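I have placed the structure first, in the form of structure tokens, so that the comments after it can refer back to it.
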Amino acid sequence: MAILAIVQQRADAAQRVTVPARWRCAAWSRSIRWLRAGPVVQDGPVSGVEVAEVAARLRAAGCVFAEEEARLLIDAADEAGADLNGLVAERVSGTPLEHLLGWAEFRELRIAVGPGVFVPRQRTVFLVEEALALASAIESTPVVVDLCCGSGALGMALATTLVAEGRTVELSAADIEPAAVECARRNLAPLGAAVYEGDLFAPLPDDLRGRIDILLANTPYVPSDHIADMPPEARDHEPRTALDGGADGLDVFRRVVADAPEWLAPGGRLLVESSPEQAIVATEILADRGLLARVAESEEHYATVVIGTRPRWSDPSTSCVR
């Protein structure tokens with residue numbers, strides 16, 4: 001009995017009531033358990049009594065989509081020979097469902113995740129879609145780097161789509177967290193991607209310098225003072241380095257932008273997710289480093305992406321397009 005798919009949907013209206021405007025960032029789109037939705041497609045029957053019993057425990061802990069989660073946990077226990085009661089107890093205590101399953105759904109892909117690894121958010125699908133639109137205009141083999149890669153979900157989704165279209169991709173990834181690097185290597189190995197461990201650009205090979213066409217950087221952008229207010233699923237189970245963006249949420253973004261021009265190819269793009277409130281400051285940071293800046297927004301995904309382009313000409317005048 002295997003779960004073939006779980007489709008996570010976002011309940012915008014509920015989120016806007018629950019989450020203040022300043023918190024419209026990646027951590028909220030998946031972490032709030034009662035916003036997790038998803039019809040589950042199965043290839044075998046599951047005991048209705050067993051599902052009902054597990055769902056009752058999950059619902060009492062605040063899981064609105066308890067039946068879907070119950071089926072996923074039952075299937076995970078069956079496949080791994082694990083103790084179902086133990087899995088349910090961990091879920092009730094706040095452990096992310098994805099960490100218990102060992103995978104997360106992202107753009108119809110099953111992404112391996114595990115304890116101590118940032119779980120990809122559904123809103124970040126929009127960043128990948130923006131990157132795919134840009135990659136479609138690149139005639140040669142695109143050079144792609146997934147920085148702050150976590151599980152490698154962004155690079156995996158982008159490269160998998162391009163490969164399915166018959167294109168080749170030169171993909172690399174990097175993260176500072178050892179658990180994330182190990183996880184990303186598992187996910188990206190079938191794509192032949194190299195995954196490096198270290199701080200931002202530091203571990204990347206020099207031969208990537210000045211060659212990157214698409215730089216995906218899912219930097220942390222929750223302000224430090226607000227980490228304590230995050231749901232325990234994120235706060236207690238994901239690395240602080242993947243969540244904490246400093247005083248205004250843009251500290252890591254500033255560091256990426258500071259070095260991005262020397263790593264990007266002429267015409268290369270840097271794509272970073274932000275909150276709507278941070279986007280204006282983010283574009284100013286990009287412009288200060290000579291990158292042409294614009295903001296892309298999606299009501300469907302409830303997402304904001306800031307894009308910086310290295311000009312193809314020398315000594316450019318910068319611009320900012322909203």
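In this text, all values refer to a predicted model and were calculated from it rather than measured experimentally.
Atom CG of L204 and atom CG of L147 lie 6.5 Å apart (nearest 0.5 Å). For the atom pair E50 CD and R71 CZ, the distance stands at 11.0 Å (nearest 0.5 Å). Rounded to the nearest 0.5 angstrom, E177 CD and T241 OG1 are separated by 3.5 Å. Taken from CG in L97 to CD in E90, the straight-line distance is 11.5 Å, to the nearest 0.5 Å.
Nearest heavy-atom pair across A112 and C183 is O-SG, 2.7 Å. Among all heavy-atom pairs drawn from L84 and L73, the shortest one is CD1-O, 3.7 Å. A265 approaches D213 most closely through the heavy-atom pair CB-OD1, 3.9 Å. Nearest heavy-atom pair across A70 and A55 is CB-N, 3.8 Å. The two atoms that bring P203 and A174 nearest to each other are CG-CB, 4.1 Å, heavy atoms only. What you find for P239 and G116 is that their closest heavy atoms are CD-O, 3.2 Å.
Under the 3.5 Å distance criterion, the side-chain polar atoms of E69 are left unmatched by any main-chain donor or acceptor of V88. Judged by distance alone, the side chain of D199 and the main-chain N or O of A202 form no donor-acceptor pair under 3.5 Å. A donor-acceptor pair is defined here as one N or O able to donate and one able to accept, closer than 3.5 Å; no such pair exists between the side chain of T168 and the backbone of T141. Side-chain atoms of S136 come within 3.5 Å of backbone atoms of A133 as a donor-acceptor pair (strictly under, hydrogens ignored). In this structure, the side chain of S275 engages the main chain of Q278 through a donor-acceptor pair within 3.5 Å. Side chain of R294 to main chain of I307: no donor-acceptor pair is present (N/O by atom type, distance under 3.5 Å, no hydrogens or angles). Checking side-chain atoms of N187 against main-chain N and O of I111 turns up no donor-acceptor pair under 3.5 Å. Using a distance-only test at 3.5 Å, with no hydrogens or angles considered, no donor-acceptor pair links the side chain of D175 to the main chain of V181. With hydrogens and angles disregarded, a donor-acceptor distance shorter than 3.5 Å links the side chain of R121 to the backbone of V119.
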>> Apply side chain to side chain contact (heavy atoms under 4.5 Å, CB included) to residues L271 and L215 and explain how you reach the verdict.
In response: CA-CA 6 Å; L271 296 92; L215 177 56; over 6 Å; no

>> Using the rule given for side chain to side chain contact (heavy atoms under 4.5 Å, CB included), can you reason through V256 versus F201, listing the C-alpha separation, both sets of side-chain angles and the distance that settles it, and then say yes or no?
In response: CA-CA 8 Å; V256 170; F201 297 97; 4.2 Å; yes

> What do the steps show when you test R269 against E130 for salt bridge (Lys or Arg N to Asp or Glu O under 4.0 Å), and what is the final call?
Replying inline: CA-CA 11 Å; R269 270 62 174 248; E130 288 292 304; over 6 Å; no

>> Working note: W103 + L72, criterion side chain to side chain contact (heavy atoms under 4.5 Å, CB included); need CA distance, chi angles, decisive distance, verdict.
In response: CA-CA 11 Å; W103 59 272; L72 287 167; 4.1 Å; yes

>> Please evaluate residues I227 and R235 with respect to the criterion side chain to side chain contact (heavy atoms under 4.5 Å, CB included), reporting the C-alpha separation (whole Å), side-chain torsions for both, the decisive distance (0.1 Å), and the verdict.
In response: CA-CA 7 Å; I227 295 293; R235 183 187 67 229; 4.3 Å; yes

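Within the 4.5 Å cutoff, side-chain heavy atoms of V252 are placed close to those of L200. With contacts defined as side-chain heavy-atom distances shorter than 4.5 Å, the pair R167/P142 qualifies. Between E129 and R107, some side-chain heavy-atom pair lies under the 4.5 Å cut-off. Using a 4.5 Å heavy-atom cutoff, the side chains of L216 and V145 are not in contact. When side chains are defined from C-beta on, V125 counts as touching F106, because their heavy atoms get closer than 4.5 Å. Using a 4.5 Å cut-off on side-chain heavy atoms (C-beta onward), I74 and V51 make contact. Looking at heavy atoms from C-beta onward, I138 lies in side-chain contact with I214 at the 4.5 angstrom threshold. In this structure, E170 and L208 have side chains that are in contact, with non-hydrogen atoms separated by less than 4.5 Å.
Contact check on D288 versus R254 returns no salt bridge, with no Lys/Arg side-chain nitrogen under 4.0 Å from an Asp/Glu carboxylate oxygen. Comment: R123 does not engage E273 in a salt bridge, judged by the lack of any side-chain N to carboxylate O separation of less than 4.0 angstrom.
No single ILVMFWY cluster, assembled from side-chain heavy atoms under 4.5 Å apart, contains both Y221 and I176. Criterion: ILVMFWY side-chain heavy atoms under 4.5 Å apart, direct or through other members. Under it, L188 and V117 are not part of a common hydrophobic cluster. Residue L134 is grouped with residue L154 when hydrophobic side chains (ILVMFWY) are merged at heavy-atom distances under 4.5 angstrom, including chains of intermediate members.
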Atom pairs and distances, donor-acceptor, side-chain atoms in residues 257-264, under 3.5 Å, two or more places apart:
unit_1	atom_1	unit_2	atom_2	d
E262	OE1	R209	NH1	2.3

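For R185, there are no side-chain hydrogen bond (donor to acceptor under 3.5 Å, both in side chains) partners two or more places apart in sequence or in a different chain.
Counting heavy atoms of neighbouring residues, nucleotides and ligands inside a 6.0 Å radius, atom CD of E182 does not exceed 12 of them.
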